[in-house]
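Just so we're on the same page: letters track the sequence lines, and every chain starts at 1.
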Protein chains: 2
Amino acid sequence: MLSEALRGHLDALILAVLEGEPLHGYAVMEALQVRSGGTLDLPTGSLYPALRRLERSGLLESEWSTVGGRRRRTYRLTSAGGRALAAERTEWRSFAAMVDGVLGAGPEPAAD
Amino acid sequence: MLSEALRGHLDALILAVLEGEPLHGYAVMEALQVRSGGTLDLPTGSLYPALRRLERSGLLESEWSTVGGRRRRTYRLTSAGGRALAAERTEWRSFAAMVDGVLGAGPEPAAD
DNA sequence: CAACATACGTAGCTGAGCTACATGTAGGCA
DNA sequence: TGCCTACATGTAGCTCAGCTACGTATGTTG
């Protein structure tokens with residue numbers, strides 16, 4: 001369904017699922033699948049680098065733990081991450097409004 | 001305002017402004033500025049290659065003309081372009097709905 | 001033991017959009 | 001006359017986010 005469309009919006013989605021509670025990478029992947037209604041099936045090669053990028057940017061911080069013999073890296077929003085998320089939400093809304101405006105409803109001519 | 005956000009959506013916007021009437025490149029640029037409420041200020045280095053790409057894909061066709069001593073390349077939607085635009089509109093809607101769904105309204109906790 | 005889910009990660013490619021530049025005409029203005 | 005701006009088109013080259021395709025390791029199930 002999506003490929004390049006996601007560009008520039010993935011960060012917002014990741015931050016959003018981490019807003020409520022800290023999650024480890026694999027859980028973020030599952031949360032995105034659930035919250036998108038199964039539409040968003042993010043490959044690990046997209047998710048993990050994105051998480052590390054967000055951490056490097058200071059929007060996330062992580063902590064290792066071991067559960068059932070498996071190492072987990074749990075990510076949590078920083079305060080900067082929270083602010084970034086708010087900004088991304090605003091940006092998304094104006095972007096979506098812009099696209100909606102340009103795309104229009106369809107072939108119907110605008111009321112002149 | 002936007003940069004990477006546009007990725008994968010620009011084609012739809014271009015096709016949309018060409019839906020009503022054929023326009024030459026520069027006019028497409030201005031039409032996008034107007035229809036986006038001044039938000040979308042597309043550099044020529046983005047627009048012209050995009051137009052040529054869309055023509056190569058068969059979604060647009062072009063014709064040269066000279067107006068006031070200046071050469072213009074006027075693009076018009078092909079029937080394939082019309083179909084592509086309809087598809088892009090649908091895709092955009094489901095994509096936007098997906099993002100809206102994942103982003104949520106904000107920090108308010110969902111009704112439990 | 002094989003296969004699968006869980007869990008993490010990187011190397012390398014792709015490609016759309018951007019920056020920066022080049023080209024040329026028409027018109028305003030000093 | 002020269003300069004700047006608007007009009008009009010175009011390319012070379014960079015960037016870098018997301019994807020493909022790997023590799024590693026553990027726990028569980030058949």
Check the distance between [N]'s [atom2] and [X]'s [atom1] and give it to me in whole angstrom.
| X | N | atom1 | atom2 | answer |
| --- | --- | --- | --- | --- |
| Ile14(B) | dG17(C) | CD1 | P | 8 Å |
| Leu47(A) | dT6(C) | CG | P | 15 Å |
| Leu54(A) | dG9(C) | CG | P | 13 Å |
| Leu59(A) | dA17(D) | CG | P | 12 Å |
| Glu63(A) | dC8(C) | CD | C1' | 17 Å |
| Trp64(B) | dT9(D) | CH2 | P | 7 Å |
| Leu15(A) | dA17(D) | CG | P | 14 Å |
| Asp41(A) | dA5(C) | CG | P | 13 Å |

Counting side-chain heavy atoms from C-beta on, which of dA7(C), dG10(D), dG17(C) comes nearest to His24(A)? dA7(C)

Nucleotide of dA17(D), dG17(C), dT11(D) approaching Arg7(B) most closely (side-chain heavy atoms): dG17(C)

Please list, by residue number, the residues of residues 66-74 of chain A whose heavy atoms come closer than 4.0 Å to an atom of DNA chain C; answer none if no residue qualifies. Arg70(A), Arg71(A), Arg72(A), Arg73(A)

State whether [X] places a side-chain N or O below 4.0 Å from either non-bridging phosphate oxygen (OP1 or OP2) of [N].
| X | N | value |
| --- | --- | --- |
| Tyr26(B) | dC7(D) | yes |
| Arg53(A) | dG18(D) | yes |
| Tyr48(A) | dG9(C) | no |
| Arg52(A) | dC8(C) | no |

Would you indicate what Gly25(B) reaches in the nucleic acid, counting non-hydrogen atoms under 4.0 angstrom: base, sugar-phosphate, or nothing? sugar-phosphate

For Trp64(A), does the six-membered ring have the charged nitrogen or CZ of Arg72(A) within the cation-pi criterion, i.e. under 6.0 angstrom from the centroid and within 45° of the normal? no

Given Glu19(B), which of Arg89(B), Arg83(B), Arg76(B) fulfils the salt bridge (Lys or Arg N to Asp or Glu O under 4.0 Å) condition? Arg89(B)

Does any part of the side chain of Leu6(A), heavy atoms only, come nearer than 4.5 Å to the side chain of Leu42(A), both counted from C-beta? yes

Nearest-nucleotide 5' precedence on DNA chain C, Asp11(B) against Glu30(A): Glu30(A)

Hey, mind stepping through Arg7(B) and Glu4(A) against salt bridge (charged side-chain N to carboxylate O under 4.0 Å, His left out) and telling me if it holds? CA-CA 6 Å; Arg7(B) 277 291 182 126; Glu4(A) 12 260 306; 5.6 Å; no

Shortest non-hydrogen pair, Ala84(A) vs Leu15(A), comes out as CB-CD1, 4.2 Å

Please walk me through it: do Glu30(B) and Arg35(B) pass salt bridge (charged side-chain N to carboxylate O under 4.0 Å, His left out)? CA-CA 9 Å; Glu30(B) 292 178 316; Arg35(B) 285 176 64 156; over 6 Å; no

When you match Gly8(A) and Thr44(A) each to their closest nucleotide on DNA chain D, which lands nearer the 5' end? Gly8(A)

Will you find, in the side chains of Thr66(B) and Arg71(B), an N or O donor that is under 3.5 Å from an N or O acceptor? no

